[in-house]
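Below: one structure, written as structure tokens.
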Amino acid sequence: MKRFFQPVPKDGSPAKKRPTGVAASDSVDGPAATEDSAGGEGAPCEEPRRFVTWNANSLLLRMKSDWSTFSQFVARLDPDVICVQEVRMPAAGSKGGPKNPSELKDDTSASREEKQIVLRALSSSPFKDYRVWWSLSESKYAGTAVFMKKKFEPKKVSFNLDRTSSKHEADGRVIIVEFESFSLLNTYAPNNGWKEEENSFQRRRKWDKRMLEFVQQVGKPLIWCGDLNVSRDEIDVSHPEFFSSAKINGYIPPNKEDCGQPGFTLAERQRFGNVLSQGKLVDAYRCLHKEKDMECGFSWSGNPIGKYRGKKMRIDYFIVSERLKDRIVSCKMHGHGIELEGFYGSDHCPVSLELSKEAAEAPESKSPG
């Protein structure tokens with residue numbers, strides 16, 4: 001997020017060892033690039049069950065200052081997939097020229113140095129066991145990434161809510177990873193902002209409309225994670241009255257539904273609820289945690305200095321299809337406290353999800369003889 005809300009690569013040729021962190025095209029079809037798949041023809045492919053999502057608020061800054069502690073967290077939790085938002089690293093391409101959102105910029109001495117920092121961080125444990133897909137903005141803004149253990153083979157990776165498009169979503173806000181039995185959607189939703197402007201309320205309305213269309217059309221069960229930049233209910237913020245009455249420079253939007261803290265306006269909350277109901281989706285964390293948890297129940301925390309000290313919101317989610325609800329084992333926020341313990345330098349903490357293995361069909365019961 002900004003201030004208050006601050007803030008794939010196609011692997012190389014199947015015959016070669018995959019490079020870390022660089023993609024060759026905008027869409028990856030798994031079977032064409034997965035010679036190292038486990039199992040023979042017709043063997044069922046193992047699919048991820050442990051996930052982490054985290055808004056890093058500049059992945060490069062985290063790699064420079066907080067990477068060892070975050071690496072320890074990843075090693076301890078051992079997730080199959082890590083979805084990152086707000087990576088804030090620019091896409092490859094020269095100034096004024098076309099950009100490749102699947103690759104890191106490296107056409108200047110400064111960008112080459114930054115890329116080396118990234119590659120070094122990803123070549124050490126535990127990240128050396130992961131492949132990475134990027135979707136990057138043209139500047140140090142927004143952007144997403146997916147880290148996945150190399151043993152998993154997605155059928156397809158794409159970067160646009162319109163999955164027929166080979167283009168990346170504007171600002172690198174979307175990565176979709178498709179498996180045999182489900183799709184994983186990693187998004188960094190645009191902040192609602194404070195005003196009735198094209199890059200504020202209007203942009204968020206368009207995003208929510210497209211998300212509604214996407215969840216209504218997706219065929220497989222869905223796991224949707226990321227910084228969704230919205231708190232659905234009062235239980236999802238630490239101080240509902242504070243956030244409901246928030247304003248900037250005394251400005252009050254003309255519509256009452258648009259008043260308040262971005263992410264907690266009535267309009268956003270209603271649209272989000274509609275996306276969930278129309279898409280037959282459930283909030284994994286709230287399925288398990290029904291009560292408000294002032295210590296560990298929020299994913300974003302305000303600056304420890306100033307009026308946002310101690311003000312928290314839950315805006316980072318795992319949303320899953322109703323068909324996956326019974327497989328939810330755990331969903332947890334990994335940060336707590338006013339001093340942002342477990343946030344690893346960001347203003348967001350990691351959130352994890354674990355699913356059980358898909359239930360096998362029960363054998364037919366025999367009648368007593």
Side-chain angles (χ1 to χ4, degrees), residues 5 8 26-29 51 53 55 83 85-86 101-102 133 135-137 142-144 146 154-193 196-233 236 255 257-258 262-284 286 315-325 353:
F5 280 95
V8 212
D26 289 344
S27 183
V28 183
D29 290 317
F51 307 85
T53 183
N55 179 320
C83 294
Q85 306 84 43
E86 212 171 352
S102 290
W133 287 266
S135 187
L136 304 173
S137 176
T144 52
V146 168
K155 294 179 69 66
K156 184 178 182 181
V157 179
S158 51
F159 306 89
N160 196 301
L161 291 175
D162 177 6
R163 288 177 294 174
T164 62
S165 173
S166 62
K167 295 182 179 180
H168 286 236
E169 200 72 45
D171 300 325
R173 293 186 179 274
V174 170
I175 301 180
I176 305 168
V177 186
E178 296 185 28
F179 297 93
E180 186 67 38
S181 67
F182 69 89
S183 293
L184 174 67
L185 170 64
N186 174 23
T187 66
Y188 176 39
N191 189 288
N192 190 58
E196 183 62 68
E197 296 175 347
E198 185 175 349
N199 287 327
S200 190
F201 295 166
Q202 295 175 29
R203 178 178 67 165
R204 183 56 191 250
R205 289 187 196 117
K206 291 176 182 176
W207 171 269
D208 290 342
K209 181 176 183 292
R210 294 185 64 213
M211 283 306 314
L212 177 60
E213 293 169 351
F214 177 87
V215 301
Q216 288 176 317
Q217 295 171 4
V218 65
K220 298 176 181 179
L222 179 67
I223 300 173
W224 172 23
C225 69
D227 177 357
L228 307 192
N229 256 325
V230 61
S231 295
R232 185 182 181 188
D233 298 307
D236 298 313
N255 297 318
E257 293 78 10
D258 293 320
F264 196 60
T265 65
L266 185 59
E268 293 172 274
R269 293 161 60 193
Q270 289 175 338
R271 292 195 301 265
F272 183 50
N274 189 46
V275 170
L276 299 190
S277 62
Q278 294 298 314
K280 294 181 171 56
L281 302 166
V282 297
D283 176 351
R286 200 52 76 199
I315 57 176
D316 303 84
Y317 291 81
F318 278 98
I319 303 295
V320 304
S321 295
E322 290 177 353
R323 288 178 284 176
L324 296 175
K325 180 178 178 180
L353 171 72

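Values below: every heavy atom of this structure, side chains too, minus hydrogens, waters and symmetry copies.
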Does any pair with a residue in residues 214-225 pass salt bridge (charged side-chain N to carboxylate O under 4.0 Å, His left out), and if so which ones, sequence neighbours excluded? none

Using side chain to side chain contact (heavy atoms under 4.5 Å, CB included) as the criterion, list what pairs up with Val275, not counting sequence neighbours. Leu212, Val215, Trp224

Quick one: pull up CZ in Phe272 and CG in Asp236 and give me the separation to the nearest 0.5 Å. 8.5 Å

Could you tell me which residues satisfy ring pair (Phe, Tyr, Trp, His ring centres under 6.0 Å) with Phe179, sequence neighbours excluded, listed by chain and number? Phe182

With sequence neighbours excluded, what pairs up with Lys209 under the side chain to side chain contact (heavy atoms under 4.5 Å, CB included) test? Glu213

Across all chains, not counting sequence neighbours, the side-chain hydrogen bond (donor to acceptor under 3.5 Å, both in side chains) partners of Thr265 are Glu268

Side-chain touch Asn160/Val174, heavy atoms, less than 4.5 angstrom: no

I'd like to check Ser135 versus Glu169 (side-chain heavy atoms, cut-off strictly below 4.5 Å). Are they in contact? no

Passing option when Leu185 is tested against Ile223, Val218, Leu161, Val177 for side chain to side chain contact (heavy atoms under 4.5 Å, CB included): Leu161

Please check this pair: side chain of Tyr317 against backbone of Val230, looking for a donor-acceptor N/O pair closer than 3.5 Å. yes

Does the side chain of Glu178 come within less than 4.5 Å of Pro154's, by heavy atoms? no

Which residues satisfy the side-chain hydrogen bond (donor to acceptor under 3.5 Å, both in side chains) test with Arg269, sequence neighbours excluded? none

Not counting sequence neighbours, which residues clear salt bridge (charged side-chain N to carboxylate O under 4.0 Å, His left out) with Glu322? List them please. none

A side-chain contact here means heavy atoms from C-beta on lying under 4.5 Å apart; do Leu184 and Cys83 qualify? yes

Taking all heavy atoms of Gly226 and all of Gln85, pick out the closest pair and write down the distance. CA-NE2, 3.4 Å

Grab the two heavy atoms, one from Arg173 and one from Tyr188, that are nearest each other, plus how far apart they are. NH1-O, 2.9 Å

Only counting residues at least two apart or in another chain, list the ones meeting side-chain hydrogen bond (donor to acceptor under 3.5 Å, both in side chains) with Gln217. none

Residue that, paired with Asn229, satisfies side chain to side chain contact (heavy atoms under 4.5 Å, CB included) out of Asn191, Asn55, Thr187, Asn192: Asn191

According to salt bridge (charged side-chain N to carboxylate O under 4.0 Å, His left out), who are the partners of Glu257, at least two apart in sequence or on a separate chain? none

Residues forming a salt bridge (charged side-chain N to carboxylate O under 4.0 Å, His left out) with Lys206, sequence neighbours excluded: none

Side chain to side chain contact (heavy atoms under 4.5 Å, CB included) for Leu228 and Ile319? Distances and angles first, verdict last. CA-CA 10 Å; Leu228 307 192; Ile319 303 295; 4.0 Å; yes

Once salt bridge (charged side-chain N to carboxylate O under 4.0 Å, His left out) is applied, do any residues pair with Arg271, and if so which ones, sequence neighbours excluded? Asp208

Which residues satisfy the side-chain hydrogen bond (donor to acceptor under 3.5 Å, both in side chains) test with Arg323, sequence neighbours excluded? none

Could you tell me whether a side-chain N or O of Ser321 sits under 3.5 Å from a main-chain N or O of Leu222, the two making a donor and an acceptor? yes

Between the OG atom in Ser137 and the CG atom in Asp171, the distance rounded to the nearest 0.5 Å is 4.5 Å

Determine whether Glu197 and Gln202 make a side-chain contact, defined as any pair of heavy atoms from C-beta on separated by less than 4.5 Å. no

If I take atom NZ from residue Lys167 and atom CG from residue Asp162, how far apart are they, to the nearest 0.5 angstrom? 10.5 Å

Any side-chain heavy-atom pair from Asp283 and Arg232 closer than 4.5 angstrom? no

Between Phe264 and Ser231, what is the shortest heavy-atom contact and its length? CD1-O, 3.6 Å

Please give me the minimum heavy-atom distance between Gly193 and Phe201, naming the atom from each residue. O-CE2, 3.4 Å

Are the side chains of Val282 and Val320 in touch, meaning some heavy atoms are under 4.5 Å apart? yes

Roughly how far apart are Thr144 OG1 and Ile175 CD1, rounded to 0.5 Å? 3.5 Å

When you check the gap from the basic side-chain N to the acidic O, do Asp258 and Arg204 get nearer than 4.0 Å? no

